[in-house]
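Reminder, nothing fancy here: chain letters follow the sequence lines and each chain counts from 1.
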Amino acid sequence: MESNNDEPRRLDGRTVSGLQQALREQAIRAMNRGGRSHHGRGGGRHRGRPPGLRGREIGMFYRQRAMEREQQEELESFVLLQPEIIVKVQKMLSEYDSASTSTFRSEFENYFKSIRSTSFEQNMKEKLLESCVEQDDRLDEKMMIEYDEMMDNLKFQENMITREKLPVNTKKEEILNAIASNQVVLISGDTGCGKTTQVPQYVLDSYLSSGKASLCKIFCTQPRRISAITVAERVAWERAQHLGESVGYQIRLQSVLPHERGSITYCTTGILLKRLESDPLLNGISHIFLDEVHERDVNTDVVMGLLKEIISHRPDLKVILMSATFNTSTFSAYFNNCTNIEVQGTLFPVTEFYLEDVLEETKFANFPEEVQRKRPKWEKYRNKYKQSDSLDDYTSFIEPYARSVQDKYSKFVIEGIKNPNSEKINVDLLTALIFHISFNKPAGAILVFLPGYEAISKLHTSITNSKFYSAEKFKVYALHSMMPTADQKSVFSRPPENVRKVIISTNIAETSITIDDVVYVINSGKSKMTNYNPETKLQTLEEVWTTLANNKQRRGRAGRVQPGICYHLFTRAREFTMDALPTPEILRTRLESVILNLKMLRIHDVAQFLRKLVSVPDDSVVQTSIALLKRLNALDEREFITPLGLHLARLPIDPQIGKMILLAALFKCVDPITSVAANLSFKDPFYRPLGKEKLVDDIRVKFSKDTKSDHLMAANVITEYREEKRKGNERSFCYDNFLSISTLNQLEKMKGQFTDLLMEARFLESSDPTDPKNNYNSSNLDLLRSIISAGLYPNVAKVRRVKICKRRVDPRMDIITPEDGRVSFHPSSINSKQTGFEYKFFAYFMKQKSTAIYLFDTTMINPRALLIFGDGEGAGFDQLGNHFILLGDSFRFRTNRVSAEVILKLREKFDELLQKKAINPGPVDPESEDALLLGAITEVLNAGRFSGHPDYSSDEGNVM
DNA sequence: GGGGACGATC
């Protein structure tokens, strides 16, 4: 056994010194400590102490040293390869060394070089020569006849009566003239004005009737998949046609395309963006409508930036921006002060009330007097100054307003709004208001906007537990993206007479879900926002005040069928402090995918391009994202896209996950890893119905089997779903396990898309994810976990020690990442429920700070995989002769010389292999030298697998 | 011990 050469216990991390210091300093400090081993610590305690310290200083010194040691321990580990493995792998590597290297596959080389050497501008000029849409007289004639037939259709004529009543119809000629005489036009109008369904039809019909339909091809982008479909269906219906005639849609993995010319295609913004990669001039397209530009999602902002450049090369291309009626000058200004045509909406008037009115009406005065301290004691003291500060702020902000309205409201109302707790979400007040409306106001559904799951859950409980509640008189729905109600039709159905429908929702009901019979809206004034902090490099989820734009949108939800009422649960004074608009998404997010996509468009100076967008992201975020892309080898040192980066950019997926499925192709474990990738890039298939949270968590643990992996748990779910579907049993399987059939089906489709693309790029021989040829290693659990970690790298966390609380891991304890210090398993991660781990290392994809820094999805990782697939400044030995390997710039592994050599050689050779495969894509031939290398890697991973044998496994990571 | 909402050619 190797323990004869390097006895693990004596290589305990405690004898080595400061990790983030220079190596020299480390060595000197270690020497000062006399190189004592763990066992010798009890002996000469004073020997490492500098002379001249007295009294308290001695205590301070030891305390400091204990802290240093603890920090080192957190980041330091131990790895040793067994001698027989070393011999075997060294032999394999020496054979591999003699193998020849590969060269560019020629057609890929040309493509790659054209992307690196041409600019966006040049590329457009080249494409212009190829593209020229000719008018087709015969087609025009045919379409004109069809158009006449449509006009004669009774159904069409009947629909036209309704269409002509839409407000946008009053501006029809003005709009058509503006589009005819301008390249860019902005049309702004509020919900219900008909711009989305009508304006593209006005344009199409003007071409049809003038016999030039072959020159008209309209694309209209939508931010959401669902709206692309429903709008297309509606427009086809209005024209008394089926989808696929003059109207169609295209979203990811699903489309009904209309006729090639003389047609309207509703698509998601993402589809247009992807198309631009190979078709930057939008060949054959005559009109681009960008709808809902006011929502300011990343894709729309980027497309606007690109269109601004494209239009000068395509003078015949018309761009029509469509927006809600706020903030329109921003878009008009962005496009050289383009014409803005404003259209009135058709919503019914909505009366607004504010907190002070609600208190008066409900007689609610029951706000908690004390400042509630939910935080632990220590935090209270730490924030003491801050707390009182914000209290003073509140007082000085509310006092003048309270004085100005004191004659209009009862004294208890004025006292109420002066209480800072009146600004917190108050379930009692919400419940009182809901029953007040229910028993005193005319019929109509009540829609409550709350920030998130917790508040929805509390209010739901409060309502249904109330003495005023009865199941016969109320129908209460909770609406959240993770709840099944969001996918069901029942929430749209009108309740029987005398039954009050109450919908408690997140902002999913602001844009994505529209419920027509809502008459009363209750706006809590709060919503949740993800944000990205460039300094801490952390994504956060914060509860924030809504903006005036949100308030307007929420209010509008009450006026769809009749005049409505909106109750804002904040004062008019608070409204005065609210922002006009939400922060555009591009300022709140990381930019890896955006940057890689721009590189594909041959936009090399990404930072310069981003500076020309409507909102300019922080340069430090751009730089952080570029740095990660370099670390993934997607960009080279000069920030040019690499062959690997090009493959990653072509996949519709985050670059890290793209790398994961590329590795899965090389290592032949495609089915489980594409499941992991689909799950990470789309959404979790589990529903979380109210009150079933624990049940769902238990089911997740059940599906995880013994993998210690949320990712492989998801893969297991897909495998079992497929099996149940084969048996015709999928409905009950999904019902019993709180799974969404539609999400699972989409995940399956996405897997197919990944394998299609991998095959197209020649990394696979079969495009069936389940083909045995793609899955020789799919049952090698340790390999699967390694591939996951290789993709997710450098997202690595380490468990320091496990605390058990009520027979479960306490998820708040003792997990660290080098960048953030202490983090936690999110309670929904199956690893927050495990009681023992064989390895200390975990890979994760999503990290988000809310009440703590949570890792949402985690896989326990064999540290050998990290060392082979990770990066770092290499290895060496300190002055005590202790060998080490670095992982990244912080994790450090003690080892011996031969182990270090073998591991680093594998790392180097694997990097080479990946680059080689990127320039000459192809499956790994089992007879080739590449297979030998992959075999050697698998050998090392397998030999490091936890075997229950304490001699080496304990120091590599066993923590229980 | 807890999850605002979206999205990805041919």
Side-chain angles (χ1 to χ4, degrees), chain A residues 219 221-228 250-255 257 265 267-279 282-284 292 295-300 302-303 449-457 479-483 486 505-513 524 526-531 540-544 546 550 553 582 585 588-589 593-594 596-597 600 649-654 657-658 681-684 686-688 693-694 696-697 746 750 753-754 756-757 760 805-806 808-813 824-829 832-833 846 848 850-852 854 856-857:
Chain A
F219 266 64
T221 70
Q222 296 292 315
R224 284 168 292 284
R225 296 155 50 87
I226 298 288
S227 47
Q250 187 180 7
I251 63 177
R252 181 180 184 181
L253 298 170
Q254 191 180 330
S255 64
L257 297 181
T265 307
C267 68
T268 48
T269 323
I271 293 281
L272 182 69
L273 198 54
K274 205 73 185 159
R275 180 180 179 139
L276 284 168
E277 275 177 20
S278 63
D279 181 17
L282 296 170
N283 236 322
E292 318 281 15
E295 287 188 19
R296 303 300 309 279
D297 63 278
V298 171
N299 284 348
T300 309
V302 172
V303 167
F449 283 104
L450 292 177
Y453 193 100
E454 192 189 3
I456 291 173
S457 180
L479 219 45
H480 186 288
S481 66
M482 289 187 303
M483 293 177 188
S505 175
T506 62
N507 48 15
I508 194 170
E510 233 179 73
T511 50
S512 307
I513 292 177
S524 67
K526 301 275 173 63
S527 65
K528 292 205 179 187
M529 261 309 197
T530 54
N531 223 324
T540 59
L541 182 68
E542 295 158 80
E543 191 177 300
V544 294
T546 49
N550 295 124
Q553 180 67 24
E585 191 190 6
R588 299 187 284 111
T589 181
S593 292
V594 171
L596 210 50
N597 286 337
M600 280 292 280
R650 295 180 78 175
L651 293 166
I653 202 170
D654 285 329
I657 307 175
S681 71
F682 186 49
K683 64 178 176 184
D684 198 296
F686 284 96
Y687 285 125
R688 306 189 83 84
E693 299 88 342
K694 298 277 184 293
V696 178
D697 287 348
Q746 179 73 0
M750 289 170 67
Q753 186 187 26
F754 297 152
D756 283 347
L757 290 166
E760 202 178 282
C805 176
K806 292 178 190 163
R808 284 180 163 175
V809 176
D810 183 341
R812 289 169 307 176
M813 289 300 163
S824 308
F825 289 127
H826 191 274
S828 64
S829 167
S832 72
K833 315 236 175 344
M846 221 269 274
Q848 183 171 262
S850 51
T851 53
Y854 285 113
F856 276 66
D857 52 287

Rounded to the Å, how far apart are [X] [atom1] and [N] [atom2]?
X         : N       : atom1 : atom2 : result
Phe219(A) : dC10(B) : CZ    : P     : 9 Å
Arg296(A) : dG7(B)  : CZ    : C1'   : 17 Å
Asn550(A) : dA5(B)  : CG    : P     : 14 Å
Phe856(A) : dG2(B)  : CZ    : C1'   : 8 Å
Met750(A) : dG7(B)  : CE    : P     : 11 Å
Asn597(A) : dG7(B)  : CG    : C1'   : 11 Å
Phe682(A) : dA5(B)  : CZ    : P     : 13 Å
Leu450(A) : dG3(B)  : CG    : P     : 15 Å

**Prompt:** Is Arg252(A) positioned over the aromatic face of Phe682(A), cation under 6.0 angstrom from the ring centre and no more than 45 degrees off axis?
**Reply:**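 Judged by the rule, Arg252(A) and Phe682(A) form no cation-pi pair.
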**Set of salt bridge (charged side-chain N to carboxylate O under 4.0 Å, His left out) partners for Glu693(A), sequence neighbours left out** =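 Applying salt bridge (charged side-chain N to carboxylate O under 4.0 Å, His left out) to Glu693(A) gives none.
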**Message:** Applying salt bridge (charged side-chain N to carboxylate O under 4.0 Å, His left out) to Asp297(A) and Arg224(A), what does each step give before you reach the verdict?
**Reply:** CA-CA 10 Å; Asp297(A) 63 278; Arg224(A) 284 168 292 284; over 6 Å; no
Would you classify [X] as touching base, sugar-phosphate or nothing, given that sugar-phosphate means primed atoms plus P, OP1 and OP2, and contacts are heavy atoms under 4.0 Å?
X         : answer
Leu273(A) : nothing
Gln250(A) : sugar-phosphate
Ile653(A) : base

**Prompt:** Taking the inter-plane angle between the rings of His826(A) and Phe856(A) on a 0 to 90° scale, is it parallel (under 30°), tilted (30 to 60°) or perpendicular (over 60°)?
**Reply:**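 The rings of His826(A) and Phe856(A) lie parallel, inter-plane angle below 30°.
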Taking only side-chain nitrogens and oxygens of [X], does any of them come within less than 4.0 Å of OP1 or OP2 of [N]?
X         : N      : result
Arg225(A) : dA8(B) : yes
Ser850(A) : dG3(B) : yes
Thr268(A) : dG7(B) : no
Thr851(A) : dG2(B) : yes
Ser828(A) : dG2(B) : no

Among [options], which is the nearest nucleotide to the side chain of [X]?
X         : options                : result
His826(A) : dC6(B), dG4(B), dG2(B) : dG2(B)
Asn507(A) : dA8(B), dG2(B), dA5(B) : dA5(B)
Arg588(A) : dG2(B), dA8(B), dG4(B) : dG4(B)
Tyr453(A) : dG2(B), dA5(B), dG4(B) : dG4(B)

**Prompt:** Do Ser527(A) and Asn507(A) get their side chains close enough for a donor-acceptor pair, meaning under 3.5 Å?
**Reply:**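 Side-chain D/A pair, Ser527(A) to Asn507(A): absent.
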**First of Gln753(A) and His480(A) reached from the 5' end of DNA chain B, by closest nucleotide** =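 Mapping each residue to its closest nucleotide by heavy atoms, the 5'-most match is His480(A).
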**Prompt:** Closest nucleotide of DNA chain B for Ser593(A) versus for Ile508(A): which of these residues is on the 5' side?
**Reply:**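 Closer to the 5' end of DNA chain B: Ile508(A).
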**Lys694(A) (side chain) and dG2(B) (base): donor-acceptor pair under 3.5 Å** =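 Side chain to base: pair found, below 3.5 Å.
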**Asked** Between the base of dG2(B) and the side chain of Asp697(A), is there a donor-acceptor distance below 3.5 Å?
**Response**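 Flag set: donor-acceptor pair detected.
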**Asked** What residues form a side chain to side chain contact (heavy atoms under 4.5 Å, CB included) with Ser481(A), not counting sequence neighbours?
**Response**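 For Ser481(A), the residues satisfying side chain to side chain contact (heavy atoms under 4.5 Å, CB included) (neighbours in sequence not counted) are Ile508(A).
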